[in-house]
Amino acid sequence: MATVTAPALDLAARFPQAVRPDTRPGYSGWIVEKDHLLEVATALRDEFGYDLLSSVTGVDYYPDTMEVVYHAYKTTGGPGIVFKVQVPRQDPIEVPSVTPIWAGAEFQEREAWDLLGIRFVGHPDLRRILTWEGFAGHPLRKDWKEPFYEEEAKPYKSRWPDGKFFYAEEKNPFKDNLKFPPDFNPEDWTPDKADALLYASLARYLKSDDELKTDRVIINLGPQHPSTHGVFRAVAVLDGETVVALKPVVGYLHRNHEKIGERNTFLQNMPFTDRLDYFNSMSNNWAYALAVEKLMGIQVPERAEYLRVIMAELSRIQNHLILIGMLLNDLGAYFTPSLYAFEERELILDIFEAASGSRMMCNYHRFGGVVRDIPPEALQKLKGLVYDRLPRKVDEFDRLLTENEILVSRLKGVGKLSAEDAIRYSITGPVLRACGVPYDVRRAEPYGIYDRFDFDVAVRYNGDVYDWYLIRLDEIRQSLRILDQAIRQMPEGPVMSTKPQYQVRVPPGEAYGRIEAPKGELGFYVVSNGKPNPWRYHVRAPSFVNITALEKMCVGNKIADFVVILGAIDIVLGELDR
Amino acid sequence: MYGKGILKGLSVTLKHFIDTYLDDIAWWGKRYYTPEGIARRSSPQGRGIFTIQYPEERRPLPEEFRYLPFLVYDEGPNGEKEIRCTSCGICTKVCPAQCIWIVRTTDPNTGRPVPQPAEFYIDADLCMNCGFCAEYCPFDAIKMDHDFEVASYGRNVYSLEKLLKPASYYAKIRPLNYAREEEARKAKEASKAAKSA
Ligand code: SF4
Ligand code: SF4
């Protein structure tokens with residue numbers, strides 16, 4: 001199953017004026033002149049077939065340069081392309097927006113504006129996204145300091161050898177440690193002010209042009225749990241019961257994961273990745289380990305590769321089961337399906353716990369392997385699950401739900417998305433595949449040892465929520481196939497290729513590690529400058545990118561369907577808000 | 001027929017319902033509040049109700065389960081606490097939450113560092129239970145505890161006093177790890193002895 005490698009694309013030959021190769025040691029890809037970005041991007045999409053923009057982010061090369069980094073892939077598979085735009089680091093930092101070419105850049109560009117202060121010219125709705133309007137500064141800039149700032153990088157010197165304890169909260173952020181913008185007065189701040197821009201962006205939808213001249217209304221869903229997925233808010237414009245426009249408002253759980261990540265050492269980030277998509281810490285660990293292992297150029301022993309696959313596929317199974325259970329909760333079928341799902345999930349978590357020490361915050365992967373082998377009893381239990389119980393239980397779910405008339409009528413035809421739109425909006429994961437695009441990173445650009453397994457990329461063609469539901473069952477069955485092979489093939493041997501080290505050496509350079517996480521493509525973009533801490537640590541979170549198309553999915557549907565759609569995209573706020 | 005799908009689904013819930021009673025009968029008197037009953041309910045063969053009635057019932061924790069760290073001491077011949085920690089500082093450096101604080105002992109006469117912690121604090125409220133400190137400690141001096149019932153009303157900053165637990169406790173909660181480490185230690189001592197002999 002060897003993938004055919006296409007001849008390397010020489011972008012510089014095609015655009016001699018506008019593009020040059022990125023020759024910094026450890027870097028790859030192309031540097032595009034800012035003024036030619038749209039031209040080059042259009043050619044990449046239309047001529048060269050890079051139709052899926054995976055990630056857009058910025059890197060602050062303090063004090064001179066600000067860089068925007070793009071990773072694009074072909075939905076037909078194969079390696080991707082990385083290109084960058086460099087601009088002087090002087091406000092206003094302006095780069096053309098690629099949203100006309102890849103609509104999926106919309107939220108990612110807003111994020112880069114919010115956290116790095118890069119203005120994307122031509123962006124349809126450039127507002128802050130993870131922090132609030134009125135927030136002082138752009139936190140991911142290297143000269144920005146957080147309220148609990150202690151030192152540039154961990155480990156902090158105050159901890160040893162003279163570690164006189166102090167309470168972190170005594171460095172009270174509301175005294176001299178908090179920065180406000182000059183014209184900001186916390187006394188008279190109201191959320192309406194921060195929301196003014198948001199409502200202004202919706203104003204044009206408020207005029208109705210039908211004959212009755214009915215009123216359109218704005219409805220806020222959330223910011224409490226509008227379904228069962230965490231603190232999320234959506235502002236919808238309604239015409240009767242029909243959604244006319246909808247803007248997600250996110251960031252309620254924002255903790256600037258990436259800033260923390262840049263203060264941490266490379267290893268210290270591992271347990272932090274657990275806290276992104278807290279259902280799938282095993283997958284998160286893997287994606288991050290992949291990125292750093294690429295930088296370090298180290299291999300993973302065979303047994304560890306198998307263990308990684310086993311854990312990731314188990315993770316996918318329990319994620320999809322919970323998703324289905326919770327979706328049914330959203331639909332009003334309270335807790336029977338979701339408790340059936342939890343039962344299976346608990347059994348899977350038992351295995352995680354036995355191997356890693358924790359049910360959810362697994363922290364199982366290390367650079368060069370996994371932390372420890374799976375205990376024999378857990379392996380025995382795993383076999384019982386994979387060979388016997390789970391296949392039975394998936395069929396049971398199928399019987400319980402798939403033909404249920406109420407479920408079918410609530411899901412069929414709702415949230416419909418065409419394959420073209422799904423790609424344009426950079427949707428990845430089960431939702432993309434349910435729209436008829438058989439794109440799965442495990443096949444498109446196999447990582448680990450996925451090229452050894454025999455499995456089908458699940459695909460469905462209607463692009464409605466019913467198919468999003470069905471494809472999860474398909475994927476569980478495929479995961480079971482992979483697990484079956486992995487358990488049988490797994491060799492004995494060590495699980496770490498290097499001696500465990502608490503301070504790893506990471507040569508300078510950049511790396512993008514991506515995997516097919518249960519929720520979509522999860523990517524980690526890591527830049528090292530040879531120091532113990534990453535210079536840049538970016539998470540391309542599938543939950544975050546997938547909701548870029550939420551408006552597109554909801555418009556034309558009833559307001560009650562919003563809950564269904566949001567539930568079926570499968571988001572988790574720990575990852576979305578980061 | 002409209003409603004067939006619903007009926008099909010209901011047959012599944014009915015089966016679950018009946019399964020509970022079948023297992024109750026098959027495991028008459030043993031299904032609840034017994035270790036076998038708990039093991040059965042949390043095994044792939046489990047059927048029906050799987051809830052464990054915590055705190056009356058408790059699920060056995062796997063050896064690798066980790067909660068908060070504690071410091072191991074060996075018991076000397078006269079019951080004195082021989083703290084294993086040498087205050088080398090590796091755990092403070094690897095700790096992602098930076099919640100370990102160590103004051104190293106210095107010899108009052110020479111001013112030189114002594115391999116003993118004078119103070120050792122762990123801010124248990126900041127600890128993210130990652131287990132790195134235990135994993136990277138070169139002296140097997142800090143280990144992850146199984147005790148998870150630590151809720152309290154106040155702030156939880158553990159001092160040396162509270163963190164110290166005997167090696168026998170460690171051997172009890174993590175027998176396999178303990179045995180492996182003891183073996184490695186003995187092998188090392190033996191090879192040392194062989195070299196010096
Ligand atoms: S607990 Fe271990 S790692 Fe930490 S200071 Fe003591 S000996 Fe060093
Ligand atoms: S478990 Fe992790 S967070 Fe807690 S003290 Fe140890 S290293 Fe620090």
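By convention in this document, chain letters (A, B, ...) are assigned in the order of the sequence lines, proteins followed by strands, and residues within each chain are numbered from 1. Keep in mind that this is a model prediction, so the values were computed, not measured.
In this structure, chain B has a heavy atom under 4.5 Å from the backbone of A/L339, while its side chain stays farther away. With a 4.5 angstrom heavy-atom cutoff, B/S43 touches chain A only via backbone atoms. Only the backbone of B/I100 has a heavy atom closer than 4.5 Å to any heavy atom of chain A. For A/D162, the parts lying near chain B are the backbone and the side chain together; criterion is any non-hydrogen pair under 4.5 Å. When heavy atoms are compared at a cutoff of 4.5 Å, A/Y340 approaches chain B solely by way of its side chain, counted from C-beta outward. Both the backbone and the side chain of A/K164 have a heavy atom closer than 4.5 Å to some heavy atom of chain B. Within the 4.5 angstrom heavy-atom criterion, atoms from both the backbone and the side chain of A/L385 approach chain B.
Distance OH/A/Y502 to OH/B/Y136: 11.5 Å, rounded to 0.5 Å. Note that OG1 of A/T265 is 8.0 Å distant from CZ of B/F132, once rounded to the nearest 0.5 Å. To the nearest 0.5 angstrom, A/K157 atom NZ is 12.0 Å from B/T92 atom OG1. To the nearest 0.5 Å, the span separating CG on B/D125 from OH on A/Y167 amounts to 9.0 Å. For the atom pair A/R159 CZ and B/C91 SG, the distance stands at 12.0 Å (nearest 0.5 Å). Note that the CD1 atom of B/I90 and the CD atom of A/Q503 stand 10.5 Å from one another [nearest 0.5 Å].
Looking at A/E396 and B/H16, their side chains come closer than 4.5 Å, going by heavy atoms from C-beta outward. Residues B/E63 and A/P375 form no side-chain contact, since every pair of their non-hydrogen atoms from C-beta on lies 4.5 Å or further apart. Looking only at side-chain heavy atoms (C-beta outward), A/P500 and B/E135 stay at 4.5 Å or farther from each other.
At most 12 non-hydrogen atoms from other residues, nucleotides or ligands lie less than 6.0 angstrom from CD of B/E183. For A/R505, the CZ atom counts as loosely surrounded, since its 6.0 Å shell holds 12 or fewer non-hydrogen atoms of other residues, nucleotides or ligands. Within a 6.0 Å sphere centred on OH of B/Y33, other residues, nucleotides and ligands contribute more than 12 heavy atoms. The environment of NZ in B/K165 is crowded: more than 12 heavy-atom neighbours from other residues, nucleotides or ligands sit within 6.0 Å. Atom CZ of B/R112 has 12 or fewer heavy atoms from other residues, nucleotides or ligands within 6.0 Å. Heavy atoms from other residues, nucleotides or ligands lying under 6.0 Å from OH of A/Y334 number 12 at most. Counted within 6.0 Å of CD on B/E161, heavy atoms from surrounding residues, nucleotides or ligands total 12 or fewer; the atom is thus considered open.
Judged by distance alone, with hydrogens and angles left aside, the side-chain atoms of B/R66 form a donor-acceptor pair with the main-chain N or O of A/S356 at under 3.5 Å. With hydrogens and angles disregarded, a donor-acceptor distance shorter than 3.5 Å links the side chain of A/K154 to the backbone of B/P96. In this structure a side-chain-to-backbone donor-acceptor pair under 3.5 Å is present from A/E405 to B/K4. A side-chain donor-acceptor contact under 3.5 Å links A/Q268 to the backbone of B/V94. Listed for the A/N363 side chain is a donor-acceptor partner under 3.5 Å among the backbone atoms of B/C130.
Both the sub-6.0 Å distance and the 45° axial angle are satisfied by B/K93 relative to the ring of A/W160.
Chain A forms the most heavy-atom pairs under 4.5 Å with one residue out of B/L10, B/T51, B/T106, B/V157, and that residue is B/V157. Ranking A/R366, A/R359, A/E377 against chain B, the residue ahead of the rest is A/R366, based on heavy-atom pairs under 4.5 Å. The candidate from B/E119, B/K15, B/R104 with the greatest count of non-hydrogen atom pairs under 4.5 Å with chain A is B/R104. Between chain B and the residues A/S158, A/G357, A/G384, A/A378, the largest count of heavy-atom pairs under 4.5 Å involves A/G357. Here B/D123 is the residue among B/D123, B/L126, B/L61 with the most heavy-atom pairs under 4.5 Å with chain A. Per-residue heavy-atom pair counts under 4.5 Å with chain B were compared for A/E344, A/R372, A/E343, A/R399, and the maximum is reached by A/E343. Interface summary for chain A: among B/F120, B/F50, B/F65, B/W101, the most heavy-atom pairs under 4.5 angstrom belong to B/W101.
The minimum heavy-atom distance between B/P44 and A/K381, with the atom names listed, is CG-O, 3.8 Å. Residues A/R389 and B/G46 come closest through the heavy atom pair NH1-O, 2.9 Å.
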*Would you check, one step at a time, whether the test side-chain contact (heavy atoms from CB on, under 4.5 Å) holds for A/M361 with B/N129?*
CA-CA 8 Å; A/M361 302 297 126; B/N129 322 103; over 6 Å; no
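The pair B/R59-A/E353 counts as a salt bridge, with a side-chain nitrogen and a carboxylate oxygen less than 4.0 angstrom apart.
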